[in-house]
Each structure stands twice: as C-alpha cells, then as structure tokens.
Amino acid sequence: MVDLLNAIVLMGNYVIVPGLAYGSQLALGALGVTLIYSILRFSNFAHGDTMAFGAMLTILATWWFQSMGISAGPLPTALLALPIGIIGTVLFALATDRMVYRYYRKVKAANIVMMMASVGVMFVMNGVVRVVIGPGEQRFADGERFIIKAREFKEMTGLSEGLAIRTTQAITLVVTIIVVALLFWFLQRSRTGKAMRAYADNEDLALLSGINPDKVVMVAWIITATLATIAGTLYGLDKSFKPFTYFQLLLPIFAAAIVGGIGSPLGAVAGGFIIAFSEMGFTYAYKRFIGYIGPDGWVPDGLLQLISTDYKFAVSFMILVLVLLVRPTGIFKGKVL
Amino acid sequence: MRNVILFALMALAFIAAGEFQSWSFSLTILNLCLISAVMALGVNIQWGYAGIFNVGIMGFAALGGAAAVLVNAAPVPEAWAAGGVGIGASLIALLAVIGLIALIRKKLRGNLRRYATIAAVIGGYFAIREVYDPAVAAIESINPAKTGFLGGLGLPITISWAVGGLFAAGGAWVVGKVALGLRSDYLAIATLGISEIIIAVLKNEDWLTRGVKNVSTLKPDVPTAIELQQSGWFLDIASWLEADPMLASGIAVKLSYAVLFTIVLGLIMWLSERALKSPWGRMMRAIRDNRDAAEAMGKDVTKRHLQTFVIGSAVVGIAGAMLTTMDAQFTPGSYNPLRFTFLIWVMVIVGGSGNNWGAVLGGFLIWFVWIEAEIFGPMLMEFVTSGLDPASTLKASLMGSAAHLRLFLMGVILLLVLRFSPRGLIPER
C-alpha cells in the first residue's frame, strides 16, 4: 500500500506536476497558432519569437520594477510586469500586421506567401530580441520558490518519496485556467467572439452579414499577442528565458495545434497537454517507479527510459505523424492541414 | 544583360573585400558563397520547380556533414571489435522488424492488423534496444577522450560529397513518403521536426559521429597550409611572386577549394538547367502552377513531388559534405536552423525562385551580406550609441549583441523582396 502511494507520488513529482505546467504553456502557445490559422489562414512561424519578444518585454519591466523596489510579495514580480509586456507585444503585432500581412490579405496572396512573410517577421523579432537582451540565458523569477518542498512533503506524509510543487508551476496552471476560461467565454458569448468564429468558419458569408474583417483580424492579433506574452513569460518563469529555446518551442506548439485539430481552440488546449504528457511519459526513467509497484525485491537493471531526453522532439514528431496517418483532422475535427 | 551586370557587381564586391579587408578573408567568403549557392540550388529545385516548402534544410546539410565523417575518419578497429557485431545485429534486427510490420500490413486485415502492428512496433523497439544498448556502451567506452566511436572508412573525403548526397536523399525519401501529398503547411512542420531529430541524433549518438565531442581529425584532399610551407616547389613560387609564404599558402589552399567547389557548382548548375528545359522540367512547372490540371492529364503528382524533394535534398546534402570538408571538422552543435535553414530560404527568395541563376546569385549575395553585416553591425551600433556615455552598461550590452543586428537585416531584406519584388533579382523566365 505504502509502495503504491510512493509510486503515485513519484509519478506526480516527476511527470504529472511538470507535465501540467509544460502542457499549460504549450496550450497557450497553440491557442495563438490556431487562432491565427483560422482567422488569417497561415501557419505563423514567428509565433515562437513572438513569445520570446513578449517575455523579453516582461523581463525588462520586471527588472525596472525590481530596481524601484516594487515586488508582489511571495509571487514573482513578473506577474505585475506582465501587462506592460502584453501591451508592448500587442502593439508590435499590430504593427507587423499593418506593415506586412495586410498587403497580402488585400491581394489575396497564397497562404504559403504569408508563411514566408512570417519567416521574415521571425528574423526581425529574433534580431530585436537578441540585440536588446542578448542571446544568453536570463533568470527573472523571484518571490517564494516553492509552495511545498519535497522534504516537507516527506515529513508531512511519512512517505519516502517527496512531492515538490514550485510556485511557478502553480502560477502557470492557475493563470492558464483563467486565461482559457476568459478566452472561451469571449469566443462563445461576446459579439466580437461570435463574429470571429463566423469569419473563421466561412469568410464570404461573414462578410455578407456585415462583419468587419479588419476588426476581426485586429482582435485576433491582440488575443494572439496576449496569449503569446503570457505563455512566453510563464515558460521563462518556470524554466528560464533563452531566445533560442523559444524558437525550438515552435515544433511542439505546432504539433499540439495539429493534434487537437487546427482551428479548434478546445483542440489546442487538449493538444498542448497531450504533447506535454507524451514528452514527459516517454522521456521519464521508470526504474524507481517499477521498483515500487513491481514484486518485492524486483528492481530492473536499466533506467527503463523509453527514449533519452535529448530526443524529446522526436515525440512531438511521432505524434504528428501518427495524427496524420490515423486522423488528419485532429481530435476535435479541425481543418485538414 | 541584367544578369551579367548583377554577377559582375557581385564579383566587384569580392574584389573590394579583397582590396580593403584582405584577400584571404575575401576567399573565405567566396568559398562559403559557393557552398551556399549549391544549397540554394537544392532548395530552388524543391521550391522553384515544384513548390515544395522544405524547412528541414539544416537536417539534410548535417547528414552530408555526417557522411564526411563516416567516409573520411580513420577507422577504430578496437571499437569495431567491441561493438561492431552488436551494431550490425541491431541493424539486422531493425530491418527484420520493418519486414515483419510490412508483412503484417499486407497479410492481416481490420482490427487485428492494427493491434498486430502496434505490438510489432513496441516489441521490436525493446528487442532492438536489448542488442543495441550494450553495443553502444562498449563502443563509447573505448578511449572516449580520443575516439569512442566506430570511426569512418578512411577514404578520401571528396568521395563523401557523393555519399552525403545519398544520405540526404535517403532521409528525404523517408520524410517525403510520410508527409508529401499533403498541404504545404504540414510538410513545413514535418520537415522542421525531422531536421531537429537528425541534429539530435548526430549530437547524441556518440558511437556514430562522436556527438558533441566533435570530429576534428578529418583529412582534406587538398594540401594544408603547413604542408605547402614545407614543400620546396611552393616556396619557390612564393619567392618568385615575392609573396609571404605564410600568406600565400593560406590563399593557395582556399583557392584550391574554390576551384573544387566551382566545379561542383557548375556541374549541378548544368544538370539543373538541362532538367528545367527538358520535358520533365516543363511537367514539374505544370504541376506547380496547376496541380489539378496536371493530375487530370495523368501525371502522378505525389510521385513527382517525392522525386524533386529527394533530388533537391541530395543537392543540399552534397553542400553539407562540402562544408564539413572545408572546415576539416564536424561539429553537430553548430547547426542552427536560422543559419542553415531560414538563411538559405532568404537566398532563394531574394535571388529569384524558380530560376537557377537567381538561386546562385542569391546564395552569393546573401552570404556576403551576412558576413559583412557581422562586421558592420557593431560599427553601426557604435555610431548609433555614440551619444551614450562610453562607460554605461546599456552601451556595453548593446555593443555586445550588435552582431545580431544581421538577423534583423535579413528579416527586413526578405520582407522587402517579398513585398516589392516577389519574383526576386533574376525572375523566372
């Protein structure tokens, strides 16, 4: 019995808690990708760098607050700085739409041209981020580090395995739940949200019924930039901020959006968690876990790791291929990409 | 005429770089420009001929680099003795599992087929790991500071250019089989994924290419600068030219690479031009411009796409092997998608998609700008920040990251060309 509890706690500590946090970050990222795809109809390669850009602005604002002695007590100061980052990123996104994408919408360019343009935007954002904050790693998390430490948990429960929950992990989950709830409320209930769904569903019909396409596109960018900044900041708080890792998030984020069904917000959230838990599940070494639940004294020799952590990209990729072969529309019947 | 002027201007830029910076520097850029031009040609075959959006160029270039190691590095007999059998057995096991799956897919039907496939994949995976893991451990434990890998064949490195092409072609065939025939977005993301996986394999499978420990013992086929400095005939020529032997030997090595690379570029260029003008080229353009119509005419679009994807990737693989040859070392950690994938895309778009001469010009121009921007970026930043206090931390950090301005510059160039001259510098005829 105790062994079973230990096994559960072990999984909780190494797979479930980090998986929930990582899944939330991917879900927020995938929501942005899916939104741009359904409204503007292209795959936005600049999304990872938008996240980096938003996180960078938030970090700069955090440093500014810290230098003035403002803090959020036990919570990270970055939460206070987040609105500044969001406003800056929204303005940047609207500016790129104005200067880059609007023209291609007007001439009804093929979506591959839009995609290529997003590569250009990606370069620009990459350059801006690296010039302003540098290519190195930045840590900006402050406040209380743990909600519950592994040692405290052991003392509390008397189990031999500890469960540590970092503040940033809890914050990530709470913020994601709030943001996703707000977004779904907005898309389902508000007038603009309904207009966006109509526009995504059938552009011509939406235009006929008097929906203003410029407004829909503008709102889509505002939401996407907001989500990207939040996702980027949460990821940076939880792990650390490095411009290149944000670029590499592009693959799991796209995989999440496609698994869930691109164009479906619900699918993006589900996809984010599917990708995160598959990555965690495949790269976790099950040696101790089996030691607990297996028969007495039966401890396996190897680490029992399905694949090495270095191959986590392979997990996203395998899921991508599997979805393509089994169900190209994704779980929630998105568009076929 | 316009094309001649454009290429003449490019030549002028190299002469200027030689005169005002240094000839050795100018030749280094030229060699990398030649390699970039080959890569851009490969991408142009995919994008310009068939409209395939490949974002995995980095992976195929790295496969070419790995080929250079496997062909040229000296074999390590101890490692072969320790784990050669194990690696061979895992390879056979892998083929056996693939064969088993193929058999299941062919013979069984319905749910049984699905479950049998899943069981074969899982069972096969663990069976292979059972043989593979001990073999890898055995190989990597042999003198890990110096070798720790199987080594290569010890053959001349120039052979690896062809082998690199074959490697990349094989990789492309697998990816293409899975992802082609779908919409372009999907292929883009799938290729992005496969390139990251290829890099991860090359970084972590130490028994194959030493991973991040790098292989720096590659022997080039052209004489090295030090060999030249020790040979009498070279010193004679140098003194006759009244040149410094140190400087002259460096330039001579670079020139010989330039000649080799030019031959390869010329050959590939000639073949691609022939292909583009042949009935095959016309068919490819027909498919690109109107897929449905071409399909209605009885052309097998997916098969043609696979063909171009494989050929284009092979060309990229050749370029990747050439790059590793010139560096005389293989460093998997240095492959970065911005420089190896997206920069090549900028070359193709700026040069003129669909036109081979355009792709070559784009390769030259963008690499030249990329290198020079690294030098002029800090100078520009110095100018911009000249109002700031020289001791301020802001200035120091801005100066430190000024080299990254070139990323910004590349983005702006790409966006401007896409917007105002979408057909590029040398448009398709």
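Residue numbers begin at 1 in each chain, while the letters A, B, ... track the order of the sequences.
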K.L.:
Top residue by heavy-atom pair count (under 4.5 Å) with chain B, among F317(A), Y311(A), F313(A)?
P.N.:
Y311(A)
K.L.:
Less than 4.5 Å to any heavy atom of chain B: does that hold for the side chain of I133(A), its backbone, both, or neither?
P.N.:
neither
K.L.:
Looking at V412(B), V201(B), L192(B), I194(B), which makes the most heavy-atom pairs under 4.5 Å with chain A?
P.N.:
V201(B)
K.L.:
For atom CZ of F282(A), is the number of surrounding heavy atoms from other residues, nucleotides or ligands below 6.0 Å larger than 12?
P.N.:
no
K.L.:
Please determine, among G120(A), G127(A), A117(A), the option with the most heavy-atom pairs under 4.5 Å with chain B.
P.N.:
G120(A)
K.L.:
Can you tell me if NZ on K239(A) sees more than 12 non-hydrogen neighbours from other groups inside 6.0 Å?
P.N.:
yes
K.L.:
Output the option from V113(A), N126(A), V132(A), V129(A) having the highest count of non-hydrogen pairs under 4.5 Å with chain B.
P.N.:
N126(A)
K.L.:
Need one label for V121(A): side chain, backbone, both or neither, based on atoms under 4.5 Å from any heavy atom in chain B.
P.N.:
both
K.L.:
Side chain, backbone, both or neither: which part of V100(A) has an atom under 4.5 Å from a heavy atom of chain B?
P.N.:
side chain
K.L.:
For Y125(B), does the OH atom have more than 12 heavy-atom neighbours from other residues, nucleotides or ligands under 6.0 Å away?
P.N.:
yes
K.L.:
Please classify the contact of I253(A) with chain B as side chain, backbone, both or neither, using a heavy-atom distance under 4.5 Å.
P.N.:
neither
K.L.:
Step by step, would you call V131(A) with M381(B) a side chain to side chain contact (heavy atoms under 4.5 Å, CB included)?
P.N.:
CA-CA 10 Å; V131(A) 166; M381(B) 194 58 102; 3.7 Å; yes
K.L.:
Can you confirm whether more than 12 heavy atoms, excluding those of K213(B), are under 6.0 Å from its NZ atom?
P.N.:
yes
K.L.:
So which part of N336(B) gets closer than 4.5 Å to some heavy atom of chain A, the side chain, the backbone, both or neither?
P.N.:
side chain
K.L.:
Does R113(B) CZ have over 12 foreign heavy atoms under 6.0 Å away?
P.N.:
yes
K.L.:
For the CG atom of N204(B) and the CG atom of D310(A), what is their distance to the nearest 0.5 Å?
P.N.:
3.5 Å
K.L.:
Under 4.5 Å from any heavy atom of chain B, what part of I112(A) do you find: side chain, backbone, both or neither?
P.N.:
side chain
K.L.:
Need one label for R406(B): side chain, backbone, both or neither, based on atoms under 4.5 Å from any heavy atom in chain A.
P.N.:
neither
K.L.:
Between CD of E196(B) and CG of L251(A), what distance do you get to the nearest 0.5 Å?
P.N.:
7.0 Å
K.L.:
CD1/I262(A) to OH/Y186(B) distance, rounded to the nearest 0.5 angstrom?
P.N.:
11.0 Å
K.L.:
Just verifying a value: how many Å separate I189(B) CD1 and S316(A) OG, rounded to the nearest 0.5 Å?
P.N.:
11.5 Å
K.L.:
Can you establish whether the number of heavy atoms outside R327(A) located under 6.0 Å from its atom CZ is more than 12?
P.N.:
yes
K.L.:
At their closest point, which heavy atom of M122(A) faces which heavy atom of L338(B), and how far apart are they?
P.N.:
CE-CD2, 3.6 Å
K.L.:
Show every donor-acceptor pair shorter than 3.5 Å between a side-chain atom in residues 340-349 of chain B and any protein atom, with sequence neighbours excluded, or say none if there are none.
P.N.:
unit_1, atom_1, unit_2, atom_2, d
T341(B), OG1, M58(B), N, 3.0
W345(B), NE1, N54(B), O, 2.7

K.L.:
Counting only non-hydrogen atoms closer than 4.5 Å, does M116(A) touch chain B with its backbone (N, CA, C, O), its side chain (CB onward), both, or neither?
P.N.:
both
K.L.:
Is M379(B) atom CE crowded by more than 12 heavy atoms from other residues, nucleotides or ligands, each under 6.0 Å away?
P.N.:
no
K.L.:
Using non-hydrogen atoms only, which part of L414(B) is less than 4.5 Å away from chain A: side chain, backbone, both, or neither?
P.N.:
side chain
K.L.:
Does E130(B) CD have over 12 foreign heavy atoms under 6.0 Å away?
P.N.:
no
K.L.:
Considering residues at least two apart in sequence or located in another chain, which fulfil the side chain to side chain donor-acceptor pair (under 3.5 Å) criterion with R288(B)?
P.N.:
E428(B)
K.L.:
Tell me the closest heavy-atom pair linking G411(B) and F123(A), and the distance in Å.
P.N.:
CA-CB, 3.4 Å
K.L.:
Can any side-chain N or O of R419(B) pair as donor or acceptor with the backbone N or O of Y104(A) at less than 3.5 Å?
P.N.:
no
